[in-house]
Number of protein chains: 2
Amino acid sequence: METKFSNKLSDIRLHYKIWMSDDQETGIMGDGKWQMLKLIEEKGSMKAACDELGYTYRRTWGNLKKIEQFFGFPLLDKTRGGTDGGHTVLTEEGKRLVKAFDAFHNTVDDQIQLGFERFIQELKK
Amino acid sequence: METKFSNKLSDIRLHYKIWMSDDQETGIMGDGKWQMLKLIEEKGSMKAACDELGYTYRRTWGNLKKIEQFFGFPLLDKTRGGTDGGHTVLTEEGKRLVKAFDAFHNTVDDQIQLGFERFIQELKK
DNA sequence: TACCGATATGCACCGAACGACCTATCCAAA
DNA sequence: TTTGGATAGGTCGTTCGGTGCATATCGGTA
């Protein structure tokens, strides 16, 4: 089918953000923090994770602090000092949080993509 | 089950935004614009829709212009003048766009909510 | 015990988004 | 032909999060 929309549809990009907040609307978990936590676990270091994702250390540190303040217990096991300067890994709770968010994304990602494809198809009709 | 997370889980709120952009990352369709287009059709007026949603007319006008510029044809049928000052309704294409986005949300909303509930359940374990 | 590199934190600055404000324009109905 | 209310569009200041830069602190290892 050919509609007025047709020639533009291939230029449309889909975006979405999913996040969770406390009742003050302070973001306590979202795609950025999720990705960061995963990479910290992988790298064993906040700094290394920040460098790879291109976030500033300053910003990341503040964001992660918000999460811990909300939950009231640490998600990160942070160590300072040593020749290597220090390192950071996830606590058991941190790992559980990441894992739960993994499952969450697994549930929704495909559906959103599917919905988007249907959206495009619908405009082609 | 009782975990460290338990006493905070009821305070967590879910948020999500889904939108589409052109390749310049200019937003061409999203929840805000979608809601606005629907309300314009219902009210027959941009101003009335803005007042109800609490958006400024200025902002809305600029946003809607972006969409039309991207597609290259009007989504809104705007009339100025007359005792009532003017009115705005959707063109056929505007209606189709809104309808496609309606269907899109129908596809994903329930899934996201379901995923969130599972997320909470997972942390309770 | 001196060192090194990461964690920890304050602060001034910057830019984009948005709000507030203003003015111009249009035209059917009175 | 006057008018009222909505559309059309420029501008400027503010807000808010992020960036950049600073400095302090920590403690295994050489």
Side-chain angles (χ1 to χ4, degrees), chain A residues 15 17 19-22 24-33 35-37 39-70 73-91 94, chain B residues 15 17 19 21-22 24-33 35-37 39-69 73-91 94:
Chain A
H15 307 259
K17 283 188 184 184
W19 74 102
M20 298 163 193
S21 75
D22 63 9
Q24 307 298 311
E25 302 305 306
T26 302
I28 51 174
M29 192 61 185
D31 296 338
K33 296 180 182 70
Q35 199 180 13
M36 180 57 70
L37 287 174
L39 201 56
I40 287 172
E41 181 67 5
E42 186 187 323
K43 297 275 180 184
S45 157
M46 255 178 76
K47 184 172 188 314
C50 291
D51 289 347
E52 177 145 337
L53 290 179
Y55 293 149
T56 61
Y57 181 89
R58 188 68 191 79
R59 170 186 173 185
T60 299
W61 182 87
N63 281 340
L64 297 180
K65 189 175 183 179
K66 282 183 200 164
I67 314 181
E68 293 194 329
Q69 278 180 340
F70 170 77
F73 53 82
L75 300 168
L76 296 165
D77 189 354
K78 293 171 272 190
T79 308
R80 292 199 292 184
T83 302
D84 64 348
H87 47 89
T88 298
V89 294
L90 299 187
T91 61
Chain B
H15 307 260
K17 284 188 183 183
W19 74 102
S21 74
D22 62 10
Q24 307 300 310
E25 302 305 306
T26 301
I28 52 174
M29 193 59 184
D31 296 338
K33 297 179 180 70
Q35 199 180 12
M36 179 60 69
L37 287 174
L39 200 56
I40 288 173
E41 181 66 5
E42 185 188 324
K43 297 275 179 184
S45 158
M46 252 178 79
K47 183 172 190 314
C50 292
D51 288 348
E52 177 145 335
L53 290 179
Y55 292 150
T56 60
Y57 181 88
R58 188 66 189 79
R59 171 185 173 185
T60 298
W61 182 86
N63 280 340
L64 296 180
K65 188 173 184 180
K66 281 183 202 166
I67 313 183
E68 294 193 329
Q69 279 181 338
F73 52 83
L75 300 167
L76 297 165
D77 190 354
K78 292 171 272 191
T79 309
R80 290 198 293 182
T83 304
D84 64 349
H87 48 87
T88 298
V89 294
L90 300 187
T91 61

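A, B, ... follow the sequence lines: proteins, then strands. Residue 1 opens every chain.
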Does a side-chain N or O of B/Thr88 approach OP1 or OP2 of D/dT7 to a distance below 4.0 Å, or not?
yes

At under 4.0 Å between heavy atoms, what does A/Gly86 touch on the DNA or RNA strands: base, sugar-phosphate, or nothing?
sugar-phosphate

Output the rounded distance in Å from CG (B/Asp84) to P (C/dT25).
21 Å

A/Lys66 NZ to D/dG18 C1': how many Å, rounded?
10 Å

A/Ser45 has a side chain; which of D/dA6, C/dT7, D/dA8 sits nearest to it?
C/dT7

Just the rounded figure in Å: distance from P of C/dT9 to CD of A/Glu68.
11 Å

Within less than 4.0 Å of OP1 or OP2 of D/dA8, is there a side-chain N or O belonging to B/Lys78?
yes

From CA spacing to verdict: side chain to side chain contact (heavy atoms under 4.5 Å, CB included), A/Leu39, A/Glu52:
CA-CA 9 Å; A/Leu39 201 56; A/Glu52 177 145 337; 3.8 Å; yes

Can a donor-acceptor pair be found, under 3.5 Å and without considering hydrogens, that links the side chain of A/Ser21 to the backbone of A/Gly27?
no

Would you indicate, yes or no, if C/dC27 has its OP1 or OP2 atom less than 4.0 angstrom from a side-chain nitrogen or oxygen of B/Thr83?
no

Distance-only, no hydrogens or angles: does the A/Glu41 side chain make a donor-acceptor pair with backbone N or O of A/Leu90 under 3.5 Å?
yes

Rounded distance (Å) that lies between atom P of C/dT25 and atom CE of B/Met46
19 Å

Taking NE2 from B/His87 and P from D/dG4, how many angstroms apart are they, rounded to a whole number?
19 Å

Nearest-nucleotide pick for A/Arg80, side chain only, options being D/dT7, C/dA8, C/dA6:
C/dA8

Can you check whether B/Asp22's main-chain N or O pairs, donor with acceptor, with B/Thr26's side chain at less than 3.5 Å?
no

Please give me every residue in residues 49-65 of chain B whose heavy atoms get under 4.0 Å of an atom in DNA chain D, ordered by residue number.
B/Tyr57, B/Arg58, B/Trp61, B/Lys65

Rounded to whole Å, NZ of A/Lys47 lies from C1' of D/dT25 at a distance of 17 Å

Is a side-chain donor or acceptor of A/Glu68 paired with a backbone partner of A/Leu76 at a separation under 3.5 angstrom?
yes

Under 3.5 Å donor-acceptor, A/Thr91 side chain and A/Pro74 backbone
yes

Residue pair A/Val89, A/Thr79: steps toward the side chain to side chain contact (heavy atoms under 4.5 Å, CB included) verdict
CA-CA 9 Å; A/Val89 294; A/Thr79 308; over 6 Å; no

